[in-house]
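This report concerns only the one structure given below.
Here the structure is a predicted model, which means the values were calculated and not measured. In what follows, chains carry the letters A, B, and so on, assigned in the order in which the sequence lines appear, proteins first and then strands, with residues in each chain numbered from 1.
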2 protein chains.
Amino acid sequence: MTAPFGLNEIKEALTRIRGWIHRTPIITSHQLDTLAGRKLFFKTENLQKTGSFKVRGACNAVFLEKEKNPDGPGVVTHSSGNHGQAVAYAAKCAGLACSVVVPEGTPKVKCDAIQHYGAELVFCQPSPAARKETCERIAEETGRAVIHPYDNYNVMAGQGTIALELLEEVPNLDAILVPISGGGMTSGIAVAAHHMQPSCRVYAVEPFGKMLEQSLKSKQRLWPNPPQFLNTIADAIRTQQVGELTFPVLCQFAETQVFSITDDQMVEGMRLAMERTKMVVEAASGAAVYAGVRCLEDVEPKVERVGVILCGGNVDLDQLPWIHPSTSY
Amino acid sequence: MTAPFGLNEIKEALTRIRGWIHRTPIITSHQLDTLAGRKLFFKTENLQKTGSFKVRGACNAVFLEKEKNPDGPGVVTHSSGNHGQAVAYAAKCAGLACSVVVPEGTPKVKCDAIQHYGAELVFCQPSPAARKETCERIAEETGRAVIHPYDNYNVMAGQGTIALELLEEVPNLDAILVPISGGGMTSGIAVAAHHMQPSCRVYAVEPFGKMLEQSLKSKQRLWPNPPQFLNTIADAIRTQQVGELTFPVLCQFAETQVFSITDDQMVEGMRLAMERTKMVVEAASGAAVYAGVRCLEDVEPKVERVGVILCGGNVDLDQLPWIHPSTSY
């Protein structure tokens, strides 16, 4: 099997979105290298437009919609988090109308961030089913294109541009560590790395309880249905199942070995990043930092030079988990 | 009067220290630009080695000591903060012995950071006089060269390299905002800007109560003696008086207008930086951010493009001021 997108699509994505996103710096920390016993290269997507990598995939998918249908009715998605902001931003850049479905009770700060980019907010019952149904109803009624957060090859190709920039600037990486939720970013990065530098292994870093490794090993979706959310502080990566479209890509291009990170470990990683690299990062990024610093000792073949994706920085500074553990856990 | 150091000394400093420091990224934030009503360019010295800009001046001064006296007895300074760490780091890079005088009761985390670079810690009574005396006694007994945190032209030239990098990468700045304590960084940046781009004005940003503007206006040191510490949360910039050597440089090259920032305003700036730029910064950096966002409306002639120095990121994440106001104020 070949993936439904390759290096060409990822390169085209970067050309398409380049003017609307940041080329994020890659930073290093001597202290963290010493702690890890290897060289870590942090790709700072927390500094990305809207505060997370999501804007890469969203821009690529939304801009392609615009090319296909310049005077079209626009786009719609459901997400109260980073993807919702990213699609709203992309639609604003493209000059397309945009609706974002969020569950009732979504914090005002998140609603404001989405509306800041001019998108229309649509509230629905707070259940996964209601969000999906509301989104599909709007798409049907208005003709707007649904921009799925990960089960969309244009989104995956957009996220792959992270690896394009990383491997261009830091060649000879032995591995890249990617926090995983639906699998769009891991898919894009794994495909890019496979073509740019086949010896570079791409590892998913998951919240404990996701059980991705078992499914990758058997190449079968072993998760319970209906889809569940994990009980983790990393609110950006709570989805247990990866996507229907991302799963086969991950089976082919990502490592079967997966690093499972507990909440306490994520918090340690988050704090290490903030203290040593001076980057404000969210818990999902902390998972990758923890894996980079603490989990690579026994990996074979040995990894010496490791890319670590700091996927986002949208964290509530009033609720840092080491300060209010009782409310955040 | 010409300054005792010029652009040549600053360029030489950069050549000398380049291999031992980071060229820190310059970042922008569309949201903060909108809030400020102008373009802000943040120079991220919080990402610098040891977590603050201090390492530039320290490396330049210590490496020059090494050139002068390769097998010499080393260096000594007094500082429990960023300068102490910076001199310890510079001495380690140069292969010189180093003593750092700190007051009894200095938190263990700061002592550890200095010792991490192999410097010898010397404790003294917790008074400005005792620190100075202990430092001078060690210099006399051991022959070690005293590296003053700001009243040293090599230190000033080293700090000037910040402006060299900033103006090279972002030309046509109308102004640069620099948090000020003893005045070493402001002096270096003002001299560099004066030569590289004479139309670029360099403004000091001070903690409320420092009263620098009155002294600059009259070109006289109007401060009370003996020297006092200001009561501010910005522990990196508590010194009220600027240096004997920096003052004339500031009178000649910096703007007479000074921005005075209260603790509450610094906290607002610090939080804006962390939320919008995802940079962990200390309160002194927050002062410059606040000035950039809130204080430039009435400045004449108008400033459109402004450099903001994020001078350091060494902050206690257990004691963020908006979370524990009672212990930090």
### Query
Are any of the side-chain heavy atoms of B:Asp316 and A:Glu275 separated by less than 4.5 Å?
no
### Message
Less than 4.5 Å apart, side chain to side chain, heavy atoms only: is that true for A:Met279 and B:Lys278?
### Response
no
### Query
So what's closer than 4.5 Å to chain A heavy atoms on B:Ser29: side chain, backbone, both or neither?
neither
## Note on the structure
Under 4.5 Å to a heavy atom of chain B? For A:Thr28 that would be both
#### Entry: From A:Asp318 atom CG to B:Trp322 atom CH2, the distance as rounded to the nearest 0.5 Å
8.5 Å
### Message
Within this structure, what is the NE2-NZ distance for the pair B:His30 and A:Lys49, rounded to the nearest 0.5 Å?
### Response
6.5 Å
### Summary
Counting heavy-atom pairs under 4.5 Å with chain A, the top scorer among B:Val315, B:Ile27, B:Asn314, B:Thr277 is B:Asn314
### Query
What pair of heavy atoms forms the shortest contact from A:Val280 to B:Met274, and how long is it?
CG2-O, 3.8 Å
